[in-house]
Amino acid sequence: MTPLKAPLKTTEKPHQTMEEKMNTLRAGVLGSNDGILTVVGVLFSVAAATTNNFTIFIAGLADLLACAFSMAAGEYASVSSQSDTEKAAVAIEQARLKTAKDDQIKEVQAFYEAKGVTSETALAIAKDLMHKKPLATIVNVKYDLELGHYMNPWAAAFASLFSAAFGGVFPLVTMILLPKAYKMTGTIIAVTIAVSITAFISAKLGDGKVKVSIIRNILIGLITMAIHYGIGQLF
């Protein structure tokens with residue numbers, strides 16, 4: 001049985017839990033992927049309608065900035081909501097410690113019984129933990145939270161902002177620097193490689209199927225480029 005960690009003192013700088021680090025990394029990977037696909041979509045729309053490099057560049061840059069800030073704002077709002085929910089859950093359990101501590105002890109006991117511990121041993125563990133560190137114990141058992149550690153919306157927002165901008169730069173630079181005869185083909189190849197990389201990382205982070213994730217991302221990228229190219233040709 002792995003002992004629960006005691007809550008950190010407020011004077012100490014809390015270390016990041018693995019979940020916090022993974023959340024920031026997830027925001028970065030998703031931001032990069034969205035940056036690639038969003039910017040290349042606009043680039044293909046404009047490039048299909050005009051060959052003017054400056055026009056293509058301005059359109060791509062404007063979309064890159066809009067995408068980066070939009071992704072950052074979305075991540076901030078989403079993670080802020082999650083963090084507020086976590087803090088609210090802690091506040092509820094803190095209040096219950098004054099009015100329903102016996103019920104909380106039973107909840108901790110049930111938690112350990114579900115892990116295969118006998119009822120008597122589970123009760124002894126629950127009483128001991130709830131005596132030493134009641135709030136840290138109950139929020140860990142009920143919500144799988146480490147007291148004092150909440151999702152950081154700013155970390156997720158900045159990770160998404162910079163990764164989306166970086167992802168968008170990739171197709172933008174490729175489209176602008178390549179000669180006219182190779183713009184489309186070269187950008188398609190570059191984007192295919194880029195989304196394959198983000199799909200690989202995303203699959204590894206989420207314990208998903210790497211091959212399926214890569215194929216899915218490539219198909220989405222190709223469809224995105226085809227649709228936007230068609231729109232550009234149409235107008």
When you compare the side chain of [Y] with that of [X], does any pair of heavy atoms fall below 4.5 Å?
X      : Y      : value
Phe158 : Glu75  : no
Glu93  : Tyr143 : yes
Asp103 : Arg96  : yes
Leu64  : Phe69  : no
Ser119 : Gln109 : yes
Ile218 : Ser196 : yes
Ile138 : Ile105 : no
Met225 : Met184 : no

Return yes if a side-chain donor-acceptor contact under 3.5 Å exists between [X] and [Y], otherwise no.
X      : Y      : answer
Ser80  : Ser83  : no
Lys133 : Asn140 : no
Thr198 : Asn217 : yes

Inset, instruction - Decide, yes or no, whether a salt bridge links Lys132 with Asp128 under the criterion of side-chain N to carboxylate O below 4.0 Å. - result: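 So Lys132 pairs with Asp128 through a salt bridge.
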To the nearest 0.5 Å, what is the distance between [atom1] on [X] and [atom2] on [Y]?
X      : Y      : atom1 : atom2 : answer
Lys106 : Lys101 : NZ    : NZ    : 14.5 Å
His228 : Ile223 : NE2   : CD1   : 12.5 Å
Thr121 : Tyr112 : OG1   : OH    : 12.5 Å
Leu43  : Ile176 : CG    : CD1   : 7.0 Å
Ser32  : Ile201 : OG    : CD1   : 7.5 Å
Lys115 : Ile125 : NZ    : CD1   : 11.0 Å

Are [X] and [Y] linked, directly or through other ILVMFWY residues, by side chains that come within less than 4.5 angstrom of each other?
X      : Y      : result
Val79  : Leu161 : no
Leu30  : Phe200 : no
Val40  : Leu219 : no
Ile214 : Ile220 : yes
Leu97  : Val108 : yes

Inset, instruction - Give the ring-plane orientation class for Trp154 versus Tyr76, where under 30° counts as parallel, over 60° as perpendicular and anything between as tilted. - result: tilted
Legend entry - Whether over 12 other heavy atoms sit under 6.0 Å from Phe166 CZ: no
Inset, instruction - Please indicate whether Lys127 has more than 12 foreign heavy atoms, meaning atoms of other residues, nucleotides or ligands, lying under 6.0 Å from its NZ. - result: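 For Lys127, atom NZ is not crowded (no more than 12 foreign heavy atoms under 6.0 Å).
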What heavy-atom pair brings [X] and [Y] nearest, and what distance separates the two atoms?
X      : Y      : answer
Ser160 : Ala72  : OG-N, 3.9 Å
Thr187 : Met175 : OG1-CA, 3.6 Å
Ile36  : Ala194 : CD1-CB, 3.6 Å
Ala164 : Ala68  : CB-CA, 3.8 Å
Leu222 : Thr192 : CD2-OG1, 4.2 Å

Ignoring hydrogens and geometry, is there a side-chain-to-backbone donor-acceptor pair from [X] to [Y] under 3.5 Å?
X      : Y      : answer
Thr51  : Ala47  : no
Ser213 : Lys209 : no
Ser81  : Ala77  : no

Legend entry - Steps toward side-chain contact (heavy atoms from CB on, under 4.5 Å) verdict (Ile215, Lys211): CA-CA 6 Å; Ile215 293 173; Lys211 186 181 293 185; 3.9 Å; yes
